[in-house]
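Notes follow once the structure below has been shown.
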Amino acid sequence: MRFSKMLIPTLREIPADAEAISHILMLRAGYIRQLAAGLYINLPLGSKVIEKINKILREEMNAIGAQEMTLPVLHPAEVWQETGRWYEIGDEMFRLKDRGDRDMCLGMTHEEIMTWLAVREIRSYRDLPQVWYQIQTKLRDEARPKSGVLRTREFLMKDSYSFDADEDGLERSYQLHADAYHKIFSRCGLKFYMVESDPGMMGGATAHEFMSPSPAGEDEVVLCTSCGYAANIELALSIPKKIGIMDWNFEEVHTPEKRTVEEVSNFLKLRPEYFIKSILLISDNGPLLALVRGDQELHEKKLNRIIGKHRSAQKKEVKDILGVEAGFIGPMNHKLRIIADMCLKEGVYVSGANKQHYHAKGIRPGKDFIAEWHDIHVAKEGDSCSKCNAALKIERVIEIGNIFKLGTKYSLPLKAFYLDEKGLEKPIIMGSYGIGPARIAAAAIEQNNDKDGIIWPKSIAPFDVEILPLNMKDVKTLDIAEKLYKDLTEKDIEVLMDDRDERAGVKFKDADLIGIPAQIIIGEKNIKEGLVEIKDRRTKEAVKVKVEEVVKVLC
RNA sequence: CGGGGCGUAGCGCAGCCUGGUUUAGCGCACCUGCCUUGGGAGCAGGGGGUCGGAGGUUCAAAUCCUCUCGCCCCGACCA
């Protein structure tokens, strides 16, 4: 491809609206343009990258026997109503009516539709297993689109669905996907982790996410470098660092106007880990107390799994229910249900005395209060691994893929049954597996860039090589450029030739920005000796090569 | 949805507080010509603006007031 024939609108300045590195570089290097919040146009270069990624996706999906198909983006409401998601999902679903006033929605994922198809086409155990996939647009009315292409309202997704006769079959399909995903992300040149994740509203028991490290990510994962434990922070277990057990006797201490752990901790000259934070929550079954150690944060999602829906109490409710102001609540002498973090089981602590301007010192769990013990704290860097006790590490990541065991969550309500060998009707056991190609591209940029621009991994670069004829008015330069362009193209190397009548500096800057892995620089001085330079975008190292040998060197 | 910020030429910004002196300005980009060709050159000339929109205050509004739309960031949410 000739640069002059391709729309590559590079920007010299940093667009004011972009913050994430991948976002800035995709805009500056002419890969994308924004239409509206969370809606992006893929320019020619951007499309080429997505196509490269999709090709890898197809190869690896096909390799595990998955079959590609395409499904509508516009769905009738009925099928979503049958699984209940029409009602469970809120504003995030784009809904509309057709001319006949029928309720419709835009597909945010395709479990319903794939299962609808399975209902009609799978009848016998002989038809199983099946893995169906598509690479298709999804639409979600995101509350907050952000970070360029990382969180958009319309995005491409490779989504596959497995249909098996039993749990063993699902396990095989799940494992096949996990393996394929490892290959896909490795081939795309990404650093990534497979971590345990919260199945959430997708249903089912087991789920993993593929996470690619980047400060632009929205998630955090907890990693153990010793035993390999890896989990999304939303469910990661950890053992907080142990503290010494004090031999305080129970006493009430005057702590005037000292409410937060930080204030009391400074006032009493005691580290926060010797405190118990007592938090009043209102659940559907009434008020309860949650206790975490002073140096910890209460983990809403973990607690949610134990007590269901809840919210924090308002100031007035605290007063009404506990008879004391927030800031002086302690776990003693309540009739409320108490959920406490595991690590509080041992030790002697300080907490509110349930009395204005007083805290209680010498609180002994089990003696001064009774609680249900659970891991309800947010894992922290330096906590110990719950499996092997080694120190845990926390990393910010981009979710680039996920795999879910759905079980019968969709096959039961939609009646996707098959007949087994004995003629018994059984529900199909399903799995669902997603990958976001745009997030792969963004993660690749996040992990591979320098001050000059993008440095694409070879496998997903829009072109393999960029030719830079520095002086377009020099006939010899042109001759060599054209010859190399032709020779390389014939060898199936994808070449971008910067044939614009621009100064050398402009071509160098744009080439670095765009990030094609190899550059062939054709300058007049080197030509006199029959040489051109081949430069590595990543290392910036250039080697002089005879014109005739360029093809050989690059192949 | 809560909090914050920003909308002035294709991009990046100044002007706004303290209304008039601006025919709304600067850099880059763009067009024409000359010149130049190894890291975003130089000179000369030129085109491009409903100052996000609506309403209001005023003799006079980019500037003050009200409403509204859009975009970004933090949080909540994220099937």
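In the text below, chain A, chain B and the rest are named by the order of the sequence lines, each starting its count at 1. Worth knowing before you read on, the calculation uses all heavy atoms, side chains too, and leaves out hydrogens, waters and symmetry mates. In this text the structure is predicted, and so the values were computed from the model without any measurement.
With hydrogens and angles ignored, no donor-acceptor pair under 3.5 angstrom links the side chain of A/Asn471 to the base of B/G38. For A/Glu13 and B/G27, a side-chain-to-base donor-acceptor distance below 3.5 Å is present, hydrogens and geometry of angles not being considered.
Taking atom CD of A/Glu92 as the reference point, atom P of B/A76 lies 15 Å away to the nearest angstrom. One can place CD1 of A/Ile534 at 20 Å from P of B/G38, the figure rounded to the nearest angstrom. The CZ atom of A/Arg500 sits 10 Å away from the P atom of B/C30 (whole-angstrom rounding). Atom pair A/Glu502:CD and B/A41:P shows a separation of 8 Å (rounding to whole Å applied). Atom CG in A/Asp501 sits roughly 13 Å away from atom P in B/C34 (whole-Å rounding). Whole-Å rounding puts the A/Glu142 CD to B/C71 P distance at 14 Å.
In this structure, of B/G12, B/A41, B/C71, it is B/C71 that holds the atom nearest to the side chain of A/Ala37. Closest to the side chain of A/Gln34, out of B/G39, B/C72, B/G40, is B/C72. When the nucleotides B/A29, B/A76, B/G38 are ranked by their closest atom to the side chain of A/Arg12, B/A29 comes out on top. For A/Leu470, whose side chain is taken as the heavy atoms from C-beta onward, the closest listed nucleotide among B/G39, B/A41, B/G38 is B/G38. The nucleotide whose nearest atom lies closest to any side-chain atom of A/Glu533 is, among B/C71, B/C74, B/G38, B/G38.
Remark: B/G70 base-pairs with B/C6. Criterion, Watson-Crick or G-U wobble with two distances under 3.5 Å. With a cut-off of 3.5 Å on both pairing distances, B/G39 has no Watson-Crick or G-U wobble partner at all. When both pairing distances are held under 3.5 Å, B/G27 makes a Watson-Crick or G-U pair with B/C11. Of the nucleotides present, none pairs with B/U57 by Watson-Crick or G-U wobble criteria with both distances under 3.5 Å. Pair check for B/U18 finds none; no Watson-Crick or G-U wobble contact set falls under 3.5 Å.
Rounded to a whole angstrom, the distance from the P atom of B/C65 to that of B/C17 is 9 Å. Using C1' as the reference atom, B/C13 and B/U8 are 10 Å apart when rounded to the nearest Å.
Atom CG of A/Asp536 has more than 12 neighbouring heavy atoms from other residues, nucleotides or ligands inside a 6.0 Å radius.
Annotation: proximity of residues 73-81 of chain A to RNA chain B (heavy atom, distance under 4.0 Å) is found for no residue.
The shortest non-hydrogen separation linking A/Trp86 to A/Met104 is CH2-O, 3.7 Å.
Residue-level contact check: A/Thr477 touches neither bases nor backbone, having no heavy atom under 4.0 Å from any strand. A/Asp474 comes within 4.0 angstrom of nothing in the nucleic acid, heavy atoms only.
Salt-bridge annotation for A/Arg311 and A/Glu317: present, with a side-chain N of the basic residue lying under 4.0 Å from a carboxylate O of the acidic one. A salt bridge links A/Glu171 and A/Lys405; the closest N-O separation between the charged side-chain nitrogens and carboxylate oxygens is under 4.0 Å.
For A/His23 and A/Tyr40, the ring centers sit closer than 6.0 Å to each other.
Inter-residue side-chain proximity for A/Asp164 and A/Ile428 is flagged as unmet; no heavy-atom pair is nearer than 4.5 Å.
At B/G39, none of the side-chain N or O atoms of A/Arg503 fall inside 4.0 Å of OP1 or OP2 (strictly under the cut-off).
Taking the six-membered ring for Trp and thresholds of 30 and 60 degrees, A/Phe192 and A/Phe210 have ring planes inclined between 30 and 60 degrees apart.
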